[in-house]
Every structure is written in structure tokens, then in C-alpha cells.
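Keep in mind the model is a prediction, meaning the values are calculated, not measured. Order of the sequence lines fixes the chain letters, A, B, ..., with proteins taken first and strands second; residue numbering starts at 1 for each chain.
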Amino acid sequence: MPELPEVETVRRGLAPSLIGHRLGAVVIRESRLRWPVPADLEARARGRRILDLRRRGKYLLMRLDDGWLICHLGMSGNLRLMPADTPLLKHDHIDLFLDDGQVLRYRDPRRFGALLWTADPASHPLIASLGVEPLSDDFDGPHLHALCRGRSSAIKQVIMDAHLLVGVGNIYANEALFHAGIDPRAQAGRLSRPRCARLAAAIKEILARAIEAGGSTLRDFVDGHGNPGWFQQTYRVYGRAGQPCAICGGPIHTLRQGARTTCYCPHCQRR
DNA sequence: AGAACCACCTGGCAGC
DNA sequence: TGCTGCCAGGTGGTTC
């Protein structure tokens, strides 16, 4: 489900309802996520006040008055606030009860997500190794050009590498490359500065627009209150194989890069 | 160091 | 209807 805009949408939706409340009981029905949910999660979290809800890349960071919860939604996870007596559905793995009769419920059919505790995210290996935030002022054309320099891999692989640049998954990588007119197979190290500037701008714009639209991605995406996003209706290449390009009218092509599908317009996107 | 692959899971869908 | 095979939003780990 989630790329950066979806995670940010969840964060914005949940933050006002969570901040200031205390956590109560923690029920772990299934601890086998990407990494085992720590057995002492309840001992760490119960009674703690929620001070903030932040995002770093695609990770949600819940700051408590002692320590932090780290949450990743993987490919199929969602985190929703609901009345504490809401009946359970299949794959509802973890409940974090609040002091106001609500429960923050983690559901993740594929179990690629994570829920962890740390004393300090800045020194946690998963967080410390993350690359630049694409919506920050630190990220711009020159920065992207520097990231690409010396790399022989395809530009799409580079912008999807979370150790270099966070938050750009398959969907937004495809869309950003289309908007920048760059072939996804182009060798990263050979991209000119102006093209890097265009790509950095496209990444920022697409992510920002997707957040404004309330997150998006797939048909099953819902925010922290169960509402769907709508940005998917604006995709130009993702999921449009064989359909006409919005610019030139030629068919959208697909290919495999790494283990994922790339969608692009061979006429409008150049190496 | 960098690049190419694999692994982890379930659900949905196309095709037979 | 029901089976099989394939595909899917992420990312750490292994291998070369």
C-alpha cells in the first residue's frame, strides 16, 4: 500500500487524535511481522503518553514520554483508529488501546510491516541508514546529481534506493520519471545536471500533490480513519500498459527492472 | 563498494 | 466452481 504520501496521509490523520493521550493495554495476536514484534512492547508502551507522531521515509515514529514506537506499513499494512469494541477482522495483528475508549489497530495481511520500540530513532539502524527526505530543502537538483554521480545503475533503481532517497516507491518512481521525460533505464551517473534538476522537481511535485490529494496508491488504500485516497486517478504511466500516453498518444510500455514492473513512454522518455 | 538477486507473506485475478 | 500460476505498494540480506 504505502509510499511516502500514504504514510504522510496516515500520520496527518492520526496525529491530532493520538497526541496527548496515554497508551493502555497492548494486544499482540501475531508477532511474526517483518521482524518479530518485541515481547516487551506492552511493558514499554503501557501508561506512556503520546507526545508526537512523525514520519521518516516510510516509517511512522510515535514519540512517547519514554522511548519511541517505530511502525512500517510494509506493502499491505494499515493503522487505524476505531472504537475499542470494534470487531476484529482477519489480519488484525496488534491493538494499542488508548485512554479514551479508542484503539489503534494494526492490520497487515502480508506481514511485511513492522512495529518496534527504540529509545532513540536517530541511532536505530533502520532509521539511521535512511537517505534524504525528498520534500526537504536538502533535496534538490544538485543533491540528486551528487547522489547519481559514479553510479552505473539505472536511474529508477537509484531514486528507489531508500539509503539514498527515501519515500519513492515503484509507483511514484514511474510517475516522476515520466514527468521528467527520463527513460527509467538511463544510467544514473550519466544524467546531466539540468535533467537531475527536472527529476528532483518532478519527485517533489508528485509527492506533494499526492499528499494534497490525501494519499492514493492502490485501490485498497485507506487513511487513518478508513477513508480512501484519490491520487491514483491521476497516474500517467503506472498501471497503464498499452494505453495511450497522455502526451504523445503512443502506447505505454512495460519492462522489468530488478524484480518490479516499470511503466514508461518510449517516445516521451529519453536516455 | 556496488549491483543483481532472493526472501519474507497473503490476496486477487486471469486463464484454464 | 475451482484449481494453478502469476502479480502486487517494501526493503534487508546474500551473493558475486
Side-chain angles (χ1 to χ4, degrees), chain A residues 1-10 29-37 55-60 70-79 89-94 106-116 124-131 134 146-177 184-190 203 206-207 210-211 213-223 228-235 237-242 254-263:
Chain A
M1 167 203 325
E3 296 193 29
L4 185 150
E6 289 70 44
V7 180
E8 180 62 19
T9 298
V10 170
R29 285 176 216 89
E30 174 59 84
S31 62
R32 295 172 301 170
L33 302 186
R34 177 73 202 259
W35 298 279
V37 179
R55 179 189 57 75
R56 178 76 176 92
K58 296 171 189 167
Y59 291 90
L60 283 169
I70 299 176
C71 183
H72 197 293
L73 301 176
M75 297 233 284
S76 59
N78 67 46
L79 198 55
L89 297 173
K90 197 177 178 185
H91 309 301
D92 283 343
H93 301 317
I94 300 167
Y106 179 82
R107 177 168 195 269
D108 186 3
R110 289 178 73 179
R111 291 194 273 123
F112 282 8
L115 187 60
L116 301 165
H124 191 283
L126 290 176
I127 306 299
S129 63
L130 293 175
L147 287 180
C148 288
R149 194 157 47 205
R151 295 185 188 276
S152 61
S153 49
I155 183 60
K156 180 166 179 255
Q157 312 277 32
V158 168
I159 62 174
M160 287 181 67
D161 185 340
H163 300 113
L164 302 175
L165 169 66
V166 296
V168 180
N170 195 37
I171 294 175
Y172 295 111
N174 282 309
E175 294 297 314
L177 286 162
R185 298 164 294 185
Q187 228 182 72
R190 304 187 67 150
I203 290 169
I206 289 199
L207 293 177
I211 291 170
S216 67
T217 350
L218 294 191
R219 59 190 173 280
D220 56 353
F221 173 73
V222 291
D223 67 16
W230 297 104
F231 185 72
Q232 59 201 5
Q233 295 173 11
T234 71
Y235 290 162
V237 285
Y238 181 80
R240 298 191 68 246
T254 63
L255 54 86
R256 301 290 290 181
Q257 283 183 293
R260 8 196 46 121
T261 300
T262 293
C263 309

Open item on the list: Please report the distance, rounded to the nearest Å, between OH in A:Y59 and P in C:dG10.
Closed with: 12 Å

- [ ] Just jot down the salt bridge (Lys or Arg N to Asp or Glu O under 4.0 Å) partners of A:R240, sequence neighbours excluded, or say none.
- [x] none

Open item on the list: Quick check against the 3.5 Å criterion: does A:N174 have a side-chain atom that pairs as donor or acceptor with the backbone of A:C263?
Closed with: yes

Open item on the list: Restricting to salt bridge (Lys or Arg N to Asp or Glu O under 4.0 Å), what partner residues turn up for A:R256, sequence neighbours left out?
Closed with: none

Task: Nearest-Å distance for atom pair CD/P, residues A:E6 and C:dA8 - done: 17 Å

Task: Nearest-Å distance once atom P is located in both B:dA1 and C:dT11 - done: 23 Å

Open item on the list: Expressed as a whole number of angstroms, how long is the span from A:I159:CD1 to C:dT11:C1'?
Closed with: 16 Å

- [ ] List the steps and the verdict of side chain to side chain contact (heavy atoms under 4.5 Å, CB included) for A:M160 and A:N170.
- [x] CA-CA 7 Å; A:M160 287 181 67; A:N170 195 37; 3.9 Å; yes

Open item on the list: Can you measure A:L126 atom CG to C:dG10 atom P for me and round it to whole angstrom units?
Closed with: 16 Å

- [ ] Go along nucleotides 2-9 of chain B 5' to 3' and tag each nucleotide: B for a protein heavy atom under 4.0 Å from its base, S when only backbone or sugar atoms are that close, - otherwise.
- [x] -S----BB

TODO: Anything below 3.5 Å on both distances counts as a pair; with that, list the stems of at least three consecutive Watson-Crick or G-U pairs involving DNA chain B.
DONE: B:2-8 with C:10-16, B:10-16 with C:2-8

Open item on the list: Nearest whole Å is fine: how far is C:dA8 P from A:Y172 OH?
Closed with: 17 Å

TODO: Report the distance from atom CG of A:D108 to atom P of C:dG10, rounded to the nearest whole Å.
DONE: 13 Å

Open item on the list: Treating A:E175 as the side-chain partner and A:Y238 as the backbone partner, does any N or O pair qualify as donor plus acceptor under 3.5 Å?
Closed with: yes

Open item on the list: When the P atoms of C:dT14 and B:dC9 are compared, how many Å lie between them, rounded to an integer?
Closed with: 16 Å

TODO: For side chain to side chain contact (heavy atoms under 4.5 Å, CB included), just list the numbers for A:L126 and A:H72, CA-CA rounded to whole Å, side-chain angles, deciding distance to a tenth of an Å, and then say yes or no.
DONE: CA-CA 11 Å; A:L126 290 176; A:H72 197 293; over 6 Å; no

- [ ] Can you tell me, in whole Å, how much space there is between the C1' of B:dA3 and that of C:dG9?
- [x] 23 Å

TODO: From the options C:dG12, C:dA8, C:dG10, select the nucleotide whose nearest atom is closest to the side chain of A:H72.
DONE: C:dG10

- [ ] Have a look at A:R107 and say if it touches a base, only the backbone sugar-phosphate, or nothing, with a 4.0 Å heavy-atom cut-off.
- [x] nothing

Task: Below 4.0 Å: OP1/OP2 of B:dG11 and any side-chain N or O of A:K90 - done: yes

Open item on the list: Among residues at least two apart in sequence or on other chains, which ones pass salt bridge (Lys or Arg N to Asp or Glu O under 4.0 Å) with A:R110?
Closed with: none

TODO: For A:N78 and C:dG9, give me the distance from atom CG to atom P, rounded to whole Å.
DONE: 18 Å

Open item on the list: If you apply the rule side chain to side chain contact (heavy atoms under 4.5 Å, CB included), what do you find for A:T262 with A:L177, and how did you get there?
Closed with: CA-CA 10 Å; A:T262 293; A:L177 286 162; over 6 Å; no

Open item on the list: Return whichever of A:S129 or A:T261 has its heavy-atom-nearest nucleotide of DNA chain C closer to the 5' end.
Closed with: A:T261

Task: Between C1' of B:dA1 and NE2 of A:H163, the distance in whole Å - done: 14 Å

- [ ] Please examine the side chains of A:L147 and A:D161, heavy atoms only from C-beta on, and report whether any two atoms are closer than 4.5 Å.
- [x] no

TODO: Under the salt bridge (Lys or Arg N to Asp or Glu O under 4.0 Å) rule, collect the residues that match up with A:R185, sequence neighbours excluded.
DONE: A:D183

